[in-house]
Peer 1: 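Once you've had a glance at the structure underneath, I'll fire off some questions.
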Amino acid sequence: MEKNLKKQMDVIMLGTEDILIEEELECIVKKSIEEDKPLKVKLGLDPTSPDIHLGHTVVLNKLRQFQDLGHRAILIIGDYTARIGDPSGRSILRPELSAEDIDSNARTYMKQAFKILDPGKTEVVKNSNWLKSLRFEDILNLTSKFTVARMLERDDFKKRFKSNTPIAIMEFLYPIMQAYDSIAIEADVELGGTDQRFNLLMGRELQKEFSQKPQIAITMPILVGTDGIEKMSKSFGNYIGVDEPPQEIFGKVMSIQDNIMIDYFRFVTTLDSEEIREIEYNIKKEKLNPSIAKRKLAKIIIENLYTINDALEAEEDFDLIFKKKGIPDKVEEYIINLKSIKNKKISLVQLLTDSGLTKSNSEARRLVAQGGIKINDRKINDPNLELNLNDINEKVIQRGKRHFRKIITKN
RNA sequence: GGAGGGGUGCCCGAGUGGUUAAAGGGAGCAGACUGUAAAUCUGCCGGCGAAUGCCUACAGAGGUUCAAAUCCUCUCUCCUCCA
């Protein structure tokens, strides 16, 4: 364990949004060093979707830092809470998930989370372990500790209440369940996004009721999605998944709006704040081209999730496609069986749809008319073009800038 | 239990008998430009078809009408308020 209190605190504080309560934190860190007893740091993830994205990594990185300092990382898979769905920041009740979905999500979650965490040092537990066996009596006891007024202090509940949007009783139970998790594992620290603030504080309160030492709540900033507006989330479709191929990550990072780039540097990379400030300054003074900075960002992100080589390769592919407007080496193939085609002719429109480049013939026709289709880099303008199968073997059809298909004819 | 308000294309949302494949916005796709899959601008954006065109579509099922997303009946479903 890292023995220097100041060093520990510096690492812990880095990039946090808020710490409740900082003095207490310093106190327990100090004690843990003195007694050589690592802190239990809790992070709960609800497997409501199968993929972990960069937004999750903000908080996962923090947990990793705790691990590296020698503390105990306890990852709680919220398989039970996922059934309700965290109402945080939501304006409507979530749909319920089936047990099977939750299970399979949980599996990919763990696999992906270990891209960030040290698998050997992570304790993983499912909260169904303890939540499932609670009796109604226990739940009554838990709920008796809180009031409706207290619940309505939470912003999203308050808004919904005021605007007459329904709040299911079950949703009130969510923060209580999460708080109970803290009791079950006797958490010293709990991590979460800023939207988790209320839930984390509930943990503190409930722990006090159960005569435990209240946990320290550390909140991390919420990462905005690739659209630059909403928070990153699967349901908004504005996310960059940690399991996506490097090329895809590179492209998506390049596609974020310039003005949110610095946030990404801050929240998902471990560059020190000096360096980030310099990048910000240089972009502002036009000494640094934003696209160069974004490249750097993309490479750092890929390197963290994969390897430096993957990052460089992704960059090369990107340049090939967008700078030189070329065709990448690896192109998905589409095989045509010559026998199945009469008189060895096929219309371009049909071929586009068959090969999956377009969803329908109508779409294909439109794209051709708009100049969005190329064969071996030559633009095609005729929507009624008939292709002779003998001529198109090994040729690459391209839709837009970045969708390719190599045609292979076979007997 | 009572009263009332909704369900429209991927999403949001307008439309209350006919130029309605359905305004507008968002998302998406393409083109131009560029420093990038940024921003901006332009176009497209149900399916089939070479095409005049045809088919499918406004929760579902019937009905009225020359004509219905729009009117009527029933069904399903969501929500709000009162109790």
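Chain naming here is simple, since letters A, B, ... match the order of the sequence lines and numbering starts at 1 in each. No hydrogens, no waters, no symmetry mates; every other heavy atom, side chains included, goes into these values.
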Peer 1: Backbone N or O of A/Thr219 within a donor-acceptor pair of the A/Asp18 side chain at under 3.5 Å?
Peer 2: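 It does not hold such a pair.
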Peer 1: With heavy-atom distances below 4.5 Å as the criterion, would you say the side chains of A/Glu153 and A/Lys158 are in contact?
Peer 2: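 No. Closest side-chain heavy atoms not under 4.5 Å.
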Peer 1: What's the gap between B/C66 and B/G17 when it is taken at their C1' atoms, as a whole Å value?
Peer 2: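 Comparing C1' positions in B/C66 and B/G17 gives a spacing of 12 Å.
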Peer 1: In whole Å, what separates the C1' atom of B/A69 from that of B/A57?
Peer 2: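 Result for the C1' pair: 10 Å, nearest Å.
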Peer 1: OP1 or OP2 of B/G47 sitting under 4.0 Å from any side-chain N/O of A/Arg366?
Peer 2: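 Checking B/G47 against A/Arg366, a side-chain N or O does come within under 4.0 Å of OP1 or OP2.
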Peer 1: Check for a donor-acceptor pair, side chain of A/Arg405 on one end and backbone N or O of A/Tyr334 on the other, with a separation under 3.5 Å.
Peer 2: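 It does not hold such a pair.
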Peer 1: For a stem of at least 3 consecutive Watson-Crick or G-U pairs with distances under 3.5 Å, i pairing with j, i+1 with j-1 and so on, which stems involve RNA chain B?
Peer 2: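 When the pairs of RNA chain B are grouped into runs of at least three, the stems are B:1-7 with B:76-82, B:10-12 with B:24-26, B:28-32 with B:40-44, B:46-48 with B:53-55, B:59-63 with B:71-75.
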Peer 1: If I pick the P atom on B/C82 and the same atom on B/C72, what distance separates them, to the nearest angstrom?
Peer 2: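 My reading of the P atoms in B/C72 and B/C82 gives 29 Å.
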Peer 1: Between B/C48 atom C1' and A/Gln350 atom CD, what is the distance in whole Å?
Peer 2: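 Roughly 11 Å, once rounded to whole Å.
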Peer 1: Check the side chains of A/Gln215 and A/Ser182 for a donor-acceptor pair under 3.5 angstrom, ignoring hydrogens and angles.
Peer 2: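 There is such a pair (donor and acceptor under 3.5 Å, judged by atom type) between the side chains of A/Ser182 and A/Gln215.
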Peer 1: For nucleotides B/G49 and B/G7, find the distance between their P atoms and express it as a whole number of Å.
Peer 2: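 One P to the other, the span is 35 Å.
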Peer 1: Would you measure the distance from the C1' atom in B/U70 across to the matching atom in B/U20 and give it in whole Å?
Peer 2: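 My reading of the C1' atoms in B/U70 and B/U20 gives 11 Å.
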Peer 1: Side chains of A/Asp118 and A/Gln67: any donor to acceptor distance under 3.5 Å?
Peer 2: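 Their side chains do not contain a donor-acceptor pair, so the 3.5 Å distance test is not met.
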Peer 1: When the C1' atoms of B/C33 and B/G18 are considered, how many whole Å apart are they?
Peer 2: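 Pairwise C1' distance, B/C33 against B/G18, rounds to 44 Å.
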Peer 1: Parallel, tilted or perpendicular: which one describes the rings of A/Phe318 and A/Phe250, with boundaries at 30° and 60°?
Peer 2: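 Ring orientation of A/Phe318 relative to A/Phe250: tilted.
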Peer 1: Taking 4.0 Å as the cut-off, does a side-chain nitrogen or oxygen of A/Ser362 come that near to OP1 or OP2 on B/G49?
Peer 2: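 No, outside the criterion.
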Peer 1: Ignoring hydrogens and angles, state whether a donor on the side chain of A/Asn309 or A/Thr307 is under 3.5 Å from an acceptor on the partner side chain.
Peer 2: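 Distance-only check fails for A/Asn309 and A/Thr307.
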Peer 1: Find the distance A/Asn238:CG to B/A38:P and express it as a whole number of Å.
Peer 2: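 It works out to 15 Å between those atoms.
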Peer 1: Could you state the NZ-C1' distance from A/Lys359 to B/G28, rounded to the nearest angstrom?
Peer 2: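 Roughly 8 Å, once rounded to whole Å.
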Peer 1: Write down the distance between OH (A/Tyr264) and P (B/A38), rounded to a whole number of angstrom.
Peer 2: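 A/Tyr264 atom OH is separated from B/A38 atom P by 14 Å.
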Peer 1: For atom C1', what is the distance between B/G47 and B/A14, given to the nearest Å?
Peer 2: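 Per the computed distance, 25 Å lies between those C1' atoms.
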Peer 1: Taking only the side-chain nitrogens and oxygens of A/Arg365, find out if one of them lies under 4.0 Å from OP1 or OP2 of B/A50.
Peer 2: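 Yes.
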Peer 1: Suppose you measure atom P in B/U16 against the same atom in B/C71; what distance do you get, rounded to whole Å?
Peer 2: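 These two P atoms come out 9 Å apart once rounded.
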Peer 1: Ring-plane angle category for A/Tyr239 and A/His53, please: parallel below 30°, perpendicular beyond 60°, tilted otherwise.
Peer 2: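 Judged by the thresholds at 30° and 60°, the geometry between A/Tyr239 and A/His53 is tilted.
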Peer 1: What is the distance, to the nearest angstrom, from the CG atom on A/Leu348 to the C1' atom on B/A50?
Peer 2: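 It works out to 14 Å between those atoms.
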Peer 1: Using salt bridge (Lys or Arg N to Asp or Glu O under 4.0 Å), reason through A/Lys296 and A/Glu275 one step at a time and then give a plain yes or no.
Peer 2: CA-CA 12 Å; A/Lys296 180 172 178 167; A/Glu275 209 170 333; 3.7 Å; yes
Peer 1: For each nucleotide in nucleotides 30-37 of chain B, reading 5' to 3', give B when a protein heavy atom comes within less than 4.0 Å of its base, S when such contact involves only the sugar-phosphate, and - otherwise.
Peer 2: BSS-BBBB
Peer 1: Check residues 133-144 of chain A and write down every donor-acceptor pair under 3.5 Å in which the side-chain atom is one partner and the other belongs to a residue at least two apart or another chain.
Peer 2:
{"unit_1": "A/Ser133", "atom_1": "OG", "unit_2": "A/Trp130", "atom_2": "O", "d": "3.3"}
{"unit_1": "A/Asp138", "atom_1": "OD2", "unit_2": "A/Arg135", "atom_2": "N", "d": "2.7"}
{"unit_1": "A/Thr143", "atom_1": "OG1", "unit_2": "A/Ile139", "atom_2": "O", "d": "3.1"}
{"unit_1": "A/Thr143", "atom_1": "OG1", "unit_2": "A/Leu140", "atom_2": "O", "d": "2.9"}
{"unit_1": "A/Ser144", "atom_1": "OG", "unit_2": "A/Asn141", "atom_2": "O", "d": "2.6"}

